[in-house]
Amino acid sequence: MAKTRVIYWFRTDLRLHDSPALRAALDLNAEAFWPIWTWDPHYVYKTRVGVNRWQFLIDCQNDLSKSITRLNPNSKLFLMREAPQTLFPKLFRAWKITHLVFEKDTDPYARARDAVVMEAAKEAGVEVIVRYGRTLWDSDELVKKNGNKPTMSIKQVEAAGPKIGPVPKPIPAPNSMPDPGETTLNFEREVPEQHPDLNEGCREKKDKSYEKIAGPNGDFAVPTLAELGFPPATTPHRGGESIALCSLHKTTSNATYTATFQKPKTAPTAFSPQSTTLLSPHLHFGTLSVRQFYWDVQDVLSSYKGKEKASTPPTSLIGQLLFRDMYFGAQAHLGHAFSSTLHNPKCRFIPWQLSNAPTPTTTPPSNPASTSTYTIDSPQAEAWFQRWKYGRTGFPWIDALMRQLRQEGWIHHLGRHAVACFLTRGGCYVSWERGAEVFEEWLIDHEEACNIGNWQWLSCTAFFAQYYRIYSPVAFGKGWDQHGAFVRRYVPELGTLDEKWIYEPWKAPEEELRRAGVRIEGDGASGSGEEEGVYPQPMFDFAERRTICLEKMKKAYAVGLYGDDHRVLDGSWKHLFDEPSNEHEEEQGSENNRKRKAKGQATLDGHFKKAKI
DNA sequence: AATGTGGTTGATGCT
DNA sequence: TAGCATCAACCACAT
């Protein structure tokens, strides 16, 4: 038997089925094999992981650990509470490791982290094996086949993907796993820097997850929410590969549903059950392989003989997976710059309120944007933002969605459209970055690439540009749910209000409100309007805000700046917006856009010089 | 190079 | 009830 001593490092792939990296690790026929997870202070303190997503992660880890033990009673998922960058060099020596194997991760922080770990492995003489299995196609390969440009449209993905080759077929789960070696830890432990802690506000008690490297009982156990100082989760959705595979099977065993799925025709108001598959959190944690999903759907399609025509990308289920690859491809190319407007060459500059504060340097940030700060440049906008976040806008459709999000960690994609449009270009004119942070904290399926990409889409700063298509906080929900069952479910204080007023309670006559036992009053600010039987006034006249936002968007598009423009970074963009809108300037704007298009990444300087002549 | 067409998911009012 | 034009007018992509 080969004397290989292997660490398999689980990260974005909490599964045994269809894992190219795990297969590569097991093919080493190790004499000792440790399946491990490293607790990462970056994840624990520097990203917004809400209680519900923590619960989901813990579910995934427990399920995976059980599955490993089923393959080998001596093994399980070994959780190590130290940063991988400092842990691995010590672990390599202590356990005489010969191989480290993991799935490639193209998130900007992950790339930097893995580079450090791979360097340490090189120094320790440990061979590193990396395999890709997180998207349909390796995101870096996808970018290459897209002319070394970020994938910014679904057409580009449809063209570039097949150039790489067909989506790899699923790999069966292993049916055995070698014993782990010794698990003694005879080395000094490095306690991570715990401040600042982005999740401090969520904790009821002090975080104790890093007190001992192998957990409180020294058995490498999966942590509990209590250890992290969190209160119990509120989400009804549970994680784990077992559940993920059951859910996938449930979806694909309904051939008609699977083959004719059209995303825009699924109701965002359906809640019991939901109208979509709810497989996104499983894709996020890698408890479901996206390629397994892809091929299971393809199998259904190839044998489908139903009356209704099968759907095709982009609206079909396969189309949804292509969008995911598109966002991963954009992020793989742009790195940290993808996550904010500033420094982002593909993100249109709009002078939103509550935007990320500019970084002092002119180079793209090396730190994740999630540690960004913003200035309250408008108390009004900040108040609207807070009311939006906590579901107290006075628009029941918006509030129901935001409350469902906070409580359950998941809302339908079209619901995300409705609240995102409302916060940004179709109501509050608040930066998409603020909304993205709330989603980061509250979504159990939060995937940085997809979240950032979708917020840019909805705010019409990248991927999508039809800013005049604005969702109404009244009409859109009503179109899907005439009777307001969804609103009643999540905004119970309006539970018995007649359907005539359920989307616009401020218009209801006094006697209707009295009969329904609700008063419409207060400004929805924190600490007010939370009295039982009270629902806030709408925070603004939507029609009025709609018009204002449209004008502002039109202006910003005419000016035509992007996040990497020096005038955006040095603040001189203000002059371009101060000037009153006139014919000449509109022409300049169009010219800007045309020039930019013709010159690719060129700045607008050339045009301005030309314009002066 | 100018022009036309289409773009996963708008709202409204008309036929 | 589904399909269409209108609203105002964006970008990407193909020709």
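Order of the sequence lines sets the chain letters (A, B, ...), proteins ahead of strands, with each chain counted from 1. Remember, predicted model here, so these are calculated numbers, not experimental data.
Distance, A:R546 CZ to C:dC7 P: 14 Å, rounded to whole Å. The interatomic distance linking A:Q466 (CD) with C:dC10 (C1') rounds to 6 Å, in whole Å. Atom NZ of A:K478 is separated from atom P of B:dA11 by 11 Å (rounded to the nearest Å). Between A:Q262 atom CD and B:dG7 atom C1' there is a gap of 16 Å when expressed in whole angstrom units. Atom CG in A:N146 sits roughly 9 Å away from atom P in C:dC13 (whole-Å rounding). Atom CZ in A:R469 sits roughly 10 Å away from atom C1' in C:dC10 (whole-Å rounding). Separating the NZ atom of A:K265 from the C1' atom of C:dG3 is a distance of 12 Å, rounded to the nearest angstrom. Taking atom NZ of residue A:K555 and atom P of nucleotide C:dA9, one finds them 14 Å apart after rounding to whole Å.
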**Study point:** Chi angles and distances behind the side chain to side chain donor-acceptor pair (under 3.5 Å) call for A:S280, A:D445
**Key:** CA-CA 6 Å; A:S280 53; A:D445 62 13; 2.7 Å; yes

Practice item. Would you sort out whether A:V430 and A:T424 count as a side-chain contact (heavy atoms from CB on, under 4.5 Å), showing the intermediate values? Key: CA-CA 5 Å; A:V430 163; A:T424 59; 5.8 Å; no

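The ring pair (Phe, Tyr, Trp, His ring centres under 6.0 Å) with A:F395 is formed by just one residue from the set A:F476, A:W506, A:Y503, A:W384; it is A:W506.
Residue contacts for A:F476: at a heavy-atom cut-off of 4.0 Å it reaches the sugar-phosphate backbone alone, with no base atom in range. Residue-level contact check: A:W457 touches the bases, meaning some heavy atom is under 4.0 Å from a base atom. Here A:I470 lies in heavy-atom contact (under 4.0 Å) with sugar-phosphate atoms only.
Comparing the C1' positions of C:dC7 and B:dT3 gives an interatomic distance of 23 Å, to the nearest angstrom. Distance check on atom C1': C:dA5 versus C:dA9 gives 15 Å, rounded to whole Å. The separation of C:dA14 from B:dA1, taken at their C1' atoms, amounts to 13 Å, rounded to a whole angstrom.
Taking only side-chain atoms of A:Y467, from C-beta outward, the nucleotide of B:dG10, C:dC13, C:dC10 with the closest atom is C:dC10. When the nucleotides C:dC10, C:dA9, B:dT9 are ranked by their closest atom to the side chain of A:Y471, B:dT9 comes out on top. Residue A:A465 has its side chain nearest to C:dC10 when only C:dC10, C:dA9, C:dC13 are considered. Closest to the A:T315 side chain, of the nucleotides C:dC13, B:dG10, B:dT8, is B:dT8. Of the listed nucleotides (C:dC11, B:dT8, B:dG7), B:dT8 has the atom at the smallest distance from the side chain of A:Q320. If you check B:dT12, B:dT9, C:dC10 against the side chain of A:Y468, the one that comes closest is C:dC10. Looking at the side chain of A:F464, the nearest of the listed nucleotides C:dA12, C:dA9, B:dT9 is B:dT9. Closest to the side chain of A:L414, out of B:dT8, B:dT9, C:dA9, is B:dT9. Residue A:S153 places its side chain closer to C:dA12 than to any other of C:dA12, B:dT9, C:dA9.
B:dT9 is unpaired under the criterion used here, namely a Watson-Crick or G-U wobble arrangement in which both key atom distances are under 3.5 Å. Pairing partner, C:dA8: none, since no Watson-Crick or wobble contact has both distances short of 3.5 Å.
Side-chain contact of A:E440 with A:H446: a donor-acceptor pair under 3.5 Å is absent, judged by distance alone.
Put simply, A:Y557 does not rest on the base of C:dC10: the two rings are not both less than 5.5 Å apart at their centres and under 30° in tilt.
A cation-pi arrangement, defined by a distance under 6.0 Å to the six-membered ring centre and an angle within 45 degrees of its axis, is present between A:K389 and A:W442. At least one test fails for A:R406 against the ring of A:Y390: distance under 6.0 Å to the centre or angle within 45° of the axis.
Between C:dA9 and A:K554, a contact under 4.0 Å exists linking OP1 or OP2 to a side-chain N or O.
Proximity of A:L334 to A:K346: side-chain heavy atoms (C-beta onward) are separated by under 4.5 Å at one or more points.
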